[in-house]
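Since the structure comes first, as structure tokens, the remarks are kept for the end.
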Amino acid sequence: MDRLSHGGIVAARILFAVVFVLNGLGIVDQTIPAKELMERGAPVSLVPVIMLAGRVLELAAGFGLALGVFPRLMALALFAFLVPATFISHSFWLAAGTPAFQGQLINFSKNIAIWGGLLFIAGSVGQPCVLPRRTVTSEKAGEPENRQIVGVRK
């Protein structure tokens with residue numbers, strides 16, 4: 001991978017992770033999502049726990065994604081978090097005919113775009129990392145294995 005590609009991928013992942021880190025740190029107000037959770041039937045006593053768990057996940061996976069620590073796994077974790085959060089917080093179909101409809105539709109669409117980015121990261125092999133890591137090498141790396149399946153004749 002050339003330097004421009006490496007730097008571009010790392011920069012894109014860092015920029016992508018910013019939204020999750022800001023949410024995790026509580027810089028983005030979470031009172032409306034907490035209210036929406038209660039309106040959708042979540043037990044009132046569990047809402048603070050759910051919100052805290054979401055923040056912890058966003059912080060850990062956001063920093064992991066930015067730093068390149070298991071970036072594919074971090075992207076999948078954020079995807080698993082964001083899909084239900086999108087349907088709970090941006091259910092534009094419930095706001096049809098109200099002034100909130102347009103904003104909810106825009107935010108729903110934005111989150112779908114983020115889903116695509118997370119899936120792209122999760123599906124990209126060989127993600128570079130910011131932190132140095134040890135690589136495991138093998139003498140047979142790159143050599144096809146010469147195994148014979150039991151019961152199959154050549």
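Heavy-atom basis, side chains included; hydrogens, waters and symmetry copies ignored. This one's a predicted model, so the numbers in the text were calculated from it and none came from an experiment.
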Checklist entry - Would a distance-only check, ignoring hydrogens and angles, find a side-chain to backbone donor-acceptor pair under 3.5 Å from Q30 to V28? => result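 Yes; judged by distance alone, with no hydrogens or angles, the pair exists.
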
Next on the checklist: Check the orientation of F87 and W115. Use parallel for under 30°, tilted for 30 to 60°, and perpendicular for over 60°.
Outcome noted: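 Tilted, since the angle between the ring planes falls between 30° and 60°.
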
Checklist entry - Of the options N111, V19, I112, which is the one that meets L82 in a side chain to side chain contact (heavy atoms under 4.5 Å, CB included)? => result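 Answer after filtering N111, V19, I112: N111.
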
Which pair of non-hydrogen atoms, one from [X] and one from [Y], has the smallest distance, and what is that distance?
X: A95; Y: Q104; answer: CB-CG, 4.4 Å
X: L37; Y: M51; answer: CD1-SD, 3.6 Å
X: L78; Y: G62; answer: CD1-N, 4.3 Å
X: I121; Y: A75; answer: CG2-CB, 3.8 Å
X: R40; Y: I88; answer: NH2-O, 3.1 Å
X: R13; Y: L65; answer: NE-O, 2.7 Å

Please determine whether residues [X] and [Y] belong to a single hydrophobic cluster, defined as Ile, Leu, Val, Met, Phe, Trp and Tyr linked transitively by side-chain heavy-atom distances below 4.5 Å.
X: L22; Y: F63; answer: yes
X: F79; Y: L73; answer: yes
X: I50; Y: V44; answer: yes
X: V21; Y: V18; answer: yes

So, do [X] and [Y] sit near enough that their side-chain heavy atoms are less than 4.5 Å apart?
X: L25; Y: F20; result: no
X: M74; Y: V69; result: no
X: F16; Y: L118; result: yes

A quick test of your reading: do over 12 heavy atoms of other residues, nucleotides or ligands sit less than 6.0 Å from [atom1] of [X]?
X: F101; atom1: CZ; value: yes
X: I32; atom1: CD1; value: no
X: K35; atom1: NZ; value: no

Hey, what do you get for [atom1] ([X]) to [atom2] ([Y]), rounding to the nearest 0.5 Å?
X: F108; Y: S91; atom1: CZ; atom2: OG; value: 9.0 Å
X: E39; Y: L94; atom1: CD; atom2: CG; value: 10.0 Å
X: L67; Y: I14; atom1: CG; atom2: CD1; value: 7.5 Å
X: L46; Y: M38; atom1: CG; atom2: CE; value: 11.5 Å

Next on the checklist: Under the criterion side chain to side chain contact (heavy atoms under 4.5 Å, CB included), I'd like the reasoning laid out for L105 against H90: C-alpha separation, chi angles, the key distance, then a yes or no.
Outcome noted: CA-CA 7 Å; L105 181 60; H90 301 301; over 6 Å; no

